[in-house]
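Comments concern the structure below.
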Protein chains: 2
Amino acid sequence: MNKLINELVNVAQSEQRLKLYSPTKMPEAGSFLWNKHMMVQFNCRGYAVGQFMQPEPSKYAYAPNLEAKTFMQPEHAYYANHPGRFFYVKDEDSGKVFSAPYEPTKASLDYFCFSPGQNNISWQIEALKILVNITVSLSDSDAIEMWELKVTNLDNKPRNISIYPYFTIGYMSWMNQSADFIPELNAIVATCISPYQKVEEYFERANLKDKTYFLADTVPTSWCCNQKVFEGNNDISSPDGIHEATLEQINSLYEVPAAVMQYQQCFQAKQSKSYRFLFGPARDNQQIAEIKQKYFANAAGFEQEKSSYQHYIKQSSGPINIESGDDVFDQFVNHWLPRQVFYHGDVNRLTTDPQTRNYLQDNLGMSYIAPKKARQAFITALSQQDSNGEMPDGILIHPDASLKYINQVPHTDHCVWLPICLQAYLNETNDIALLDELIAFSDTSNKQTVKQHIELALDWLIGARDERGLSYIAQGDWCDPMNMVGYKGKGVSTWLTLASAYAINIWLEICDSYNITVNSKYRSFAEHLNHAVNKHCWDEQWYSRGITDDNVSFGVANDDEGRIFLNPQSWAILSGAASPEQQRKLLAQIELQLETPYGTMMLAPSYTKMREDVGRVTQKFPGTAENGSIYNHAAIFYAFSLFKIGKGEKAFEVMRKMLPDDDFIKRGQLPNFIPNYYRGAYYQHPRTAGRSSQLFNTGTVSWFYRCVIEGIAGLTGDKGELVINPQLPKQWSNLTVAREFNGATFNVEICKTKKVTQQKILLDGNEEDSDRITNIIAGKHYQVEVLLPALPELIIIMGVSGCGKSTVAKQLSQQFNYQYIEADDFHSKESIDMMAKGIPLTDKERAPWIAAICTQLNSAMAEQQDCVLAYSGLRAEHRDKFRQLGFNLCFVYLQVEQKELESRLALRTSHFFDAKLLASQFSALQLPEDESDVYLVDANQPQSNVLKQIIAHHKKEGQ
Amino acid sequence: MNKLINELVNVAQSEQRLKLYSPTKMPEAGSFLWNKHMMVQFNCRGYAVGQFMQPEPSKYAYAPNLEAKTFMQPEHAYYANHPGRFFYVKDEDSGKVFSAPYEPTKASLDYFCFSPGQNNISWQIEALKILVNITVSLSDSDAIEMWELKVTNLDNKPRNISIYPYFTIGYMSWMNQSADFIPELNAIVATCISPYQKVEEYFERANLKDKTYFLADTVPTSWCCNQKVFEGNNDISSPDGIHEATLEQINSLYEVPAAVMQYQQCFQAKQSKSYRFLFGPARDNQQIAEIKQKYFANAAGFEQEKSSYQHYIKQSSGPINIESGDDVFDQFVNHWLPRQVFYHGDVNRLTTDPQTRNYLQDNLGMSYIAPKKARQAFITALSQQDSNGEMPDGILIHPDASLKYINQVPHTDHCVWLPICLQAYLNETNDIALLDELIAFSDTSNKQTVKQHIELALDWLIGARDERGLSYIAQGDWCDPMNMVGYKGKGVSTWLTLASAYAINIWLEICDSYNITVNSKYRSFAEHLNHAVNKHCWDEQWYSRGITDDNVSFGVANDDEGRIFLNPQSWAILSGAASPEQQRKLLAQIELQLETPYGTMMLAPSYTKMREDVGRVTQKFPGTAENGSIYNHAAIFYAFSLFKIGKGEKAFEVMRKMLPDDDFIKRGQLPNFIPNYYRGAYYQHPRTAGRSSQLFNTGTVSWFYRCVIEGIAGLTGDKGELVINPQLPKQWSNLTVAREFNGATFNVEICKTKKVTQQKILLDGNEEDSDRITNIIAGKHYQVEVLLPALPELIIIMGVSGCGKSTVAKQLSQQFNYQYIEADDFHSKESIDMMAKGIPLTDKERAPWIAAICTQLNSAMAEQQDCVLAYSGLRAEHRDKFRQLGFNLCFVYLQVEQKELESRLALRTSHFFDAKLLASQFSALQLPEDESDVYLVDANQPQSNVLKQIIAHHKKEGQ
């Protein structure tokens with residue numbers, strides 16, 4: 001399904017917005033806004049979790065208890081009094097109350113729309129004949145939430161209405177917390193002292209913004225700063241405060257503060273009133289006064305800040321725009337994806353010590369959007385390299401930063417990302433001068449060139465291997481919590497060995513491409529590494545994940561849990577370790593063991609108990625995060641590797657599953673970002689499989705963008721030239737791409753056609769000899785047409801006897817002018833006899849039959865002949881055989897109830913099939929489960945309807 | 001007021017229980033239970049916060065988000081889903097629901113009683129004609145909550161009732177959390193992995209009890225383990241789950257777990273059903289199975305555990321029992337106080353590294369209750385002393401313990417507590433052999449005697465002083481957060497210098513008492529210290545708190561904030577630094593600046609902003625904790641010092657204010673423990689002053705117990721003999737004490753009588769020569785009568801002219817046979833003339849008048865003559881003059897409305913007072929505010945009633 005359009009969710013392409021029409025169906029859905037100073041995740045129901053930097057991430061709206069300081073958590077919970085921004089609305093005449101957006105009264109609404117946009121989020125709510133419009137935006141320059149509230153009396157008579165913005169502030173500190181209304185500021189100001197105990201911490205905290213203010217443009221009727229007093233003996237869902245005529249104007253004295261104001265006003269019929277509020281952290285009242293002046297001194301101030309924020313977000317626009325007809329995908333790629341890439345790269349996930357691998361990969365993404373920033377980031381990272389070549393676990397990007405959390409655990413993969421990420425940067429920018437930049441090290445001020453830095457990194461990788469030639473894993477590689485494979489100093493990582501080989505190969509590619517002299521040792525080393533992996537880590541059908549300190553291979557067929565890991569397979573393709581035969585085998589195993597309707601799991605089965613020679617990953621909940629979720633970062637590596645071997649259709653499938661489709665209720669997320677994971681453990685915990693982590697920090701997005709540009713659109717830069725090699729998904733017959741490159745604009749029309757048997761390029765109407773556009777002139781617009789050979793198509797109409805498959809297949813073959821093939825024609829004489837006698841066929845008898853059909857289809861394939869096959873399709877195994885023939889294939893499964901069939905077969909005279917065999921067919925039938933290329937049609941209905949439905953589907957799928 | 005008996009609170013002496021009849025009037029009220037493994041604070045409404053040791057404090061019921069690991073916080077907040085133990089009750093026939101005890105439905109109840117006892121807590125709730133009895137107890141041997149629930153259908157017809165225990169479990173861990181119902185265990189078991197990131201942490205956590213179980217004795221009708229599913233689109237106050245016929249039996253898969261069971265049953269008319277539940281942490285299901293076997297295999301198991309816990313708590317009974325007639329005070333001293341003392345000493349506040357000063361003082365208290373444990377604790381502490389004499393900041397009492405939180409900040413007072421606490425131990429036990437025990441040090445295995453250890457500690461104290469002879473404070477003394485007075489190495493502490501002098505004096509007292517040879521240098525040092533303090537720290541009216549690194553005295557008259565601190569004043573009395581004149585001055589200033597109706601503040605005015613040369617204490621919220629709260633630990637030092645100088649009546653006042661009185665609603669706490677503080681900043685934040693911190697960890701209780709034993713009852717041990725020197729409060733004329741000492745029992749009757757002019761002791765009927773009972777024979781019962789001289793009494797009947805004071809005074813004097821004094825008789829001729837002319841007196845004219853009355857009263861005092869004085873009493877200043885005369889004094893203020901008075905005065909003929917002066921009297925009248933010795937009587941009523949009321953009050957106050 002290409003569009004999430006139904007009563008719940010709507011993708012409004014023109015406004016670059018999404019719309020969600022229910023506050024309860026996807027209760028966790030939300031969106032995030034950020035600027036250089038802060039980040040806020042707004043939930044559709046009114047909850048919000050925000051952080052700002054000073055320099056470490058801090059809160060200005062807290063939970064109701066003392067929270068642990070921690071990194072951003074997936075699937076975080078919301079609950080009563082969890083930081084929220086609520087607006088109670090009371091009809092003073094009737095006393096009735098509701099709240100906007102939805103929490104905390106949860107009163108039923110007449111209309112609800114949550115609409116995340118690129119640079120703001122808005123809600124529209126209607127209840128009690130009152131319309132409430134809410135918009136929140138950020139400022140470009142301050143850590144501040146900018147709220148606009150518009151209330152409209154939809155009634156035809158005047159009404160008295162009270163509106164109560166209620167911004168929870170929460171438990172700020174055990175040392176000191178209080179709040180009061182400051183009339184000069186027209187603000188509620190809550191004050192705390194961030195708790196500490198040591199003298200040195202006092203000085204570190206001297207400039208903390210320990211105040212939280214709620215500043216209004218309009219003087220309130222009344223106010224309250226005290227959560228307990230406001231909520232009274234009731235709770236947040238129906239606080240005592242709103243049932244009184246006015247709020248008790250009471251401060252908070254070492255009591256949990258809150259910001260509540262009341263606006264009681266008479267609304268004329270159809271009258272609207274607007275209010276503006278600011279919410280954020282400040283050091284002192286002087287700062288709040290300055291904010292008041294800047295935003296509220298006149299109307300232009302607020303608008304100016306909104307527009308400068310809009311301008312900031314516009315910087316996230318990228319070099320590609322696509323039109324595929326899949327609205328959700330197009331909108332994501334054109335708007336939400338570069339925005340998410342830019343979020344990562346521009347604010348470094350709001351940390352001061354991003355993990356080195358994250359920092360480098362995030363800047364891989366920035367190479368497309370803000371290449372100058374990417375360049376600077378590479379230099380910053382390399383300046384923190386040790387002169388022995390080793391990269392640190394995290395890159396310190398603030399003078400007061402230190403390595404925290406996971407960055408205190410030694411990981412061994414950081415070096416590999418240097419050449420890999422650099423390649424994307426060079427492809428896009430052709431900035432080869434970067435390689436000659438002189439940069440110092442963390443431990444010496446002696447400078448060396450970027451080229452030398454990278455070779456030191458490669459040398460470090462080459463050195464950090466055991467006698468088998470495999471890379472030590474220490475306390476983790478890309479997989480952070482795989483911390484006990486090698487903590488004793490012996491364990492090795494298959495993946496890291498492969499990644500090292502890939503990194504070396506990439507470095508050789510770069511050097512060769514630019515004719516840079518490179519030490520020939522690297523050529524042999526890549527091979528050595530791949531060889532070592534093939535010798536020690538190939539486990540018959542796929543690659544192991546590593547070998548432990550105690551010399552035990554894991555991620556192998558012998559393992560009950562963690563039997564297969566995705567990363568070693570993808571990277572064996574990338575590194576060249578996997579032969580075509582190995583590729584075939586491992587891809588089949590990925591499909592078999594790791595693929596799910598929600599994407600590709602990172603490992604399977606998920607660990608359910610601690611494995612002490614693998615480590616912490618095995619203690620994570622099965623199907624979450626690194627323990628076998630659909631971890632999108634690993635999945636996108638897989639897609640990237642598929643593009644490398646020309647399996648673009650499969651790659652697209654993997655990518656497309658990273659966005660909610662018609663399963664969005666189960667995912668619980670809107671298609672406005674890719675989360676770091678969807679729940680996996682598909683076979684272990686089907687109830688929760690597919691659920692979004694809601695966490696938008698992920699290395700996935702840079703690679704996703706790269707896969708769109710270099711893979712799907714196939715418009716890759718190389719030394720300032722554009723190489724064209726698109727790989728369209730099966731269901732797209734056309735793709736329109738606008739690509740900015742090297743200062744020029746390329747309007748590319750890609751289309752599949754049977755008119756060509758290999759890719760053909762027309763540049764401004766002229767056929768090109770190569771796949772490369774050279775001599776690109778900046779400022780110029782190029783018109784590019786790319787013709788791709790369409791694969792011959794195979795439509796298989798399947799179902800038990802009597803379902804009507806032959807009739808339907810025949811009609812389709814006529815309609816489409818496809819070759820009609822009747823599977824029954826390929827039965828042996830013996831089989832026909834058996835069936836006529838009412839003896840069911842076994843799989844043994846079916847095997848030669850299938851083989852015969854395949855021979856026929858192979859001939860058709862050789863002639864580029866499209867086909868329609870009528871075939872019972874009982875066995876899943878046989879369906880897989882047809883899939884391997886190379887056709888653009890689609891199954892249509894005609895479902896008929898057994899009763900209906902019995903009556904149909906009773907009427908049939910001309911067919912060898914004994915109606916009594918029907919029961920045996922039903923029992924042999926392996927219903928297609930999770931086979932995405934099988935289209936189910938209810939064939940109890942008249943055949944003309946069945947045919948119509950199939951043709952419509954065929955059209956939609958672009959076949 | 002002596003009893004908290006009204007519709008809300010009742011002290012049921014016989015059952016050693018309290019009863020609270022409202023769930024809303026004191027919403028924070030609660031009680032705590034503990035054993036060696038755990039501690040739980042139960043709130044009257046159903047919330048509970050529990051911790052258990054493994055070995056560090058851990059949770060088994062969590063908040064809804066990731067909590068910070070922190071020490072126990074004062075005034076902690078409860079909120080929806082904050083860990084609670086709730087029981088929903090649904091009438092299946094009507095669908096109506098309430099919850100017991102009160103949260104979370106907050107439905108109105110027909111009856112509510114919360115009753116904390118010594119070894120369990122119970123509730124009785126009635127609503128919808130259903131009676132719910134709940135009792136929670138602990139086990140002696142396991143970390144386990146034992147719940148008993150009894151439900152009774154009070155109706156005369158059968159009813160279908162569903163009961164749903166809902167024990168919140170909360171957000172356990174971001175690594176792994178889940179829950180399921182295990183039929184074999186008949187338990188909901190929630191499982192998590194405590195989050196960590198480093199390999200070494202894994203091994204430290206190998207045996208953590210990461211499971212939380214809710215185990216039932218009865219198979220439920222249905223169950224649910226998933227908070228979100230149970231609460232649904234509603235919230236905890238009306239969860240979807242209880243509105244369905246049965247619960248959705250669903251597990252929790254990396255979702256917030258919860259424990260809910262449903263018991264749906266038909267209750268016959270008047271029928272009761274009982275259920276038992278266990279709630280606690282476990283390592284694995286095997287442990288839970290063992291628990292099930294132990295508690296539920298048969299009914300006796302559960303009862304056995306309850307009774308062994310009862311036995312455990314009985315160990316907290318102490319060596320004294322009093323009967324004063326003040327029920328609240330008696331019950332507290334006899335039951336709750338030793339229980340709280342035992343809690344501190346036996347489980348060390350459930351930490352593994354108690355602060356050294358806490359550890360020693362807690363064992364001062366244990367000297368009375370479990371002296372063997374106290375002995376071992378002194379030895380443990382001394383074994384961690386450095387051989388240079390310095391005591392560490394915390395004492396490690398578990399092999400895996402380390403110094404945490406505040407124990408990482410250097411404090412300089414730990415040595416002073418050694419002799420001070422030891423003295424109490426020796427007084428009680430006469431165990432002088434302890435001084436000869438050989439003990440090693442933290443840095444050497446060479447052993448020295450306890451005596452040598454103590455002298456090393458004193459030497460360290462003597463050495464850690466500046467050139468003025470004042471003690472360095474480093475980053476804090478007794479006052480932890482006073483961390484910036486001396487962090488540069490120069491600042492000194494007045495208090496610590498005095499405490500050192502006191503410690504040395506105590507050591508000399510001990511040695512002298514036992515004829516132990518002691519280096520004579522100590523005698524001069526105590527004097528040196530006191531001298532240095534008098535030279536550098538006396539600020540005309542009181543002592544400073546210290547001198548900063550920059551040589552600035554603070555806690556002095558020049559300071560706007562933190563002008564006076566309580567501790568230096570009390571300890572100058574204890575150390576002997578303060579001369580009688582200085583004592584008089586500083587006591588007056590304490591009364592003036594620090595006393596409040598809720599107790600004595602630790603400093604005043606509270607700091608409202610950071611003072612960088614004082615430190616973190618100034619950043620705490622004004623009136624909380626060390627920043628000017630009524631910090632009971634400091635207040636009890638003050639009381640202790642008052643006993644030392646014979647001001648027992650005042651000392652009792654200070655102590656009595658540590659327990660809620662008729663101000664219990666404002667305090668928000670029941671009289672079942674002394675909290676570490678009540679809110680102070682009485683003049684700065686009157687709204688919150690008096691509010692309890694609800695935190696029962698406090699060094700106060702040991703000293704409070706000592707003050708009861710040695711101060712009020714005056715039954716102090718000394719070398720195995722009992723010294724008798726009671727100091728009864730003004731309002732007690734009698735006190736009955738049972739005192740265990742040296743194996744003997746002393747039944748002591750103390751009474752005040754005018755028959756004696758000095759203390760007289762009758763031992764088994766025979767008058768004793770001294771105040772000392774010698775040759776005590778263990779096992780013997782002694783009958784002791786102590787006669788104390790009663791002070792002559794002065795009743796002052798006050799009120800404006802015409803209120804009837806002269807008549808009432810005359811009648812009282814006749815009734816009691818007291819001397820009647822008419823203030824008007826002492827006016828000068830000039831004043832009488834002025835008044836007759838209608839010219840109001842000024843304070844200037846009143847001064848000689850008061851002086852003349854005082855002269856008369858002084859004569860009466862000399863003759864031990866009781867008096868009644870009729871006197872207008874307009875000026876507060878004059879009332880204070882009478883208070884200083886030394887009488888047992890009471891004011892009776894006759895309040896009459898001005899109108900009534902005017903009519904009375906109009907009828908009067910024989911009096912020189914011009915009725916027109918009445919208005920001037922009303923304007924001169926300074927209404928008695930916060931003068932606890934003023935008794936208000938409504939004198940608009942007939943005089944006979946007025947008289948009756950005064951006599952009744954007189955009787956009640958024991959005068």
message = Go through it in stages, so that I can follow the logic: the residues are B:Q619 and A:Y196, the test is side chain to side chain donor-acceptor pair (under 3.5 Å), and I'd like the CA-CA distance, side-chain angles, deciding distance and then a yes or no.
response = CA-CA 10 Å; B:Q619 290 188 294; A:Y196 72 96; 2.4 Å; yes
key: Test log, rule salt bridge (charged side-chain N to carboxylate O under 4.0 Å, His left out), inputs B:R679 and A:E255   = CA-CA 12 Å; B:R679 289 276 192 107; A:E255 295 160 310; 5.1 Å; no
task = Can you tell which part of B:S173 gets under 4.5 Å to a heavy atom of chain A, answering side chain, backbone, both or neither?
result = neither
key: Part of A:M175 lying under 4.5 Å from any heavy atom of chain B   = both
ask   = Under a 4.5 Å heavy-atom cutoff, which of B:N251, B:T24, B:V409 has the most pairs with chain A?
value = B:N251
note = Comparing B:H685, B:K69, B:E231 against chain A, the one with the most heavy-atom pairs below 4.5 Å turns out to be B:H685
inquiry  = Working to the nearest 0.5 angstrom, can you tell me the gap between B:L66 CG and A:T70 OG1?
reply    = 5.5 Å
inquiry  = Does A:Q73, at its CD atom, have more than 12 non-hydrogen atoms belonging to other residues, nucleotides or ligands within less than 6.0 Å?
reply    = yes
query = How far apart are the closest heavy atoms of A:P64 and B:A77, and which atoms are they?
reply = O-CB, 4.3 Å
task = Heavy atoms only, distances under 4.5 angstrom: which of A:N627, A:T624, A:I236 has the most pairs with chain B? Name it, please.
result = A:T624
request  = With ring-ring contact (aromatic ring centres under 6.0 Å, His included) as the test, would you mind laying out the steps for A:F621 and B:W174 before giving the verdict?
outcome  = CA-CA 9 Å; A:F621 189 78; B:W174 56 258; over 10 Å; no
query = In terms of heavy-atom pairs under 4.5 Å with chain A, which of B:T688, B:L253, B:I406 leads?
reply = B:L253
ask   = Relative to chain A, which segment of B:S252 carries a heavy atom at a distance below 4.5 Å: side chain, backbone, both, or neither?
value = backbone
ask   = Is it the side chain or the backbone of A:V199 that comes within 4.5 Å of chain B heavy atoms, both, or neither?
value = both
query = So which of A:R616, A:E67, A:K620 has the biggest tally of heavy-atom pairs under 4.5 Å with chain B?
reply = A:R616
query = How many angstroms lie between atom CG of B:N233 and atom NZ of A:K25, to the nearest 0.5 angstrom?
reply = 10.5 Å
key: Side chains of B:E612 and A:Y202 in contact at under 4.5 Å (non-hydrogen atoms)   = yes
task = Let me know if A:E75 has heavy atoms under 4.5 Å from chain B in its side chain, its backbone, both or neither.
result = side chain
request  = Report yes if some heavy atom in the side chain of A:Q197 is under 4.5 Å from a heavy atom in the side chain of B:Q408; otherwise report no.
outcome  = no
Portion of A:I193 that has a non-hydrogen atom of chain B nearer than 4.5 angstrom = side chain
ask   = Given a strict heavy-atom distance threshold of 4.5 Å, which part of A:P481 is in contact with chain B: side chain, backbone, both, or neither?
value = neither
A:Q684 atom CD, neighbour heavy-atom count above 12 within 6.0 Å = yes
request  = Measure the CG-CD distance between A:N483 and B:E201 for me, rounded to the nearest 0.5 Å.
outcome  = 10.0 Å
ask   = Do B:S629 and A:Y254 have side chains that get closer than 4.5 Å, going by heavy atoms?
value = no
request  = Report yes if the side chains of B:N65 and A:Y79 come closer than 4.5 Å at any heavy-atom pair, otherwise no.
outcome  = yes
request  = Please determine, among A:H82, A:R687, A:K106, the option with the most heavy-atom pairs under 4.5 Å with chain B.
outcome  = A:R687
remark   = With chain A, the option among B:I250, B:D480, B:V256 that has the most non-hydrogen atom pairs under 4.5 Å is B:I250
message = What part of A:T191 gets within 4.5 angstrom of chain B, counting heavy atoms only: side chain, backbone, both, or neither?
response = neither
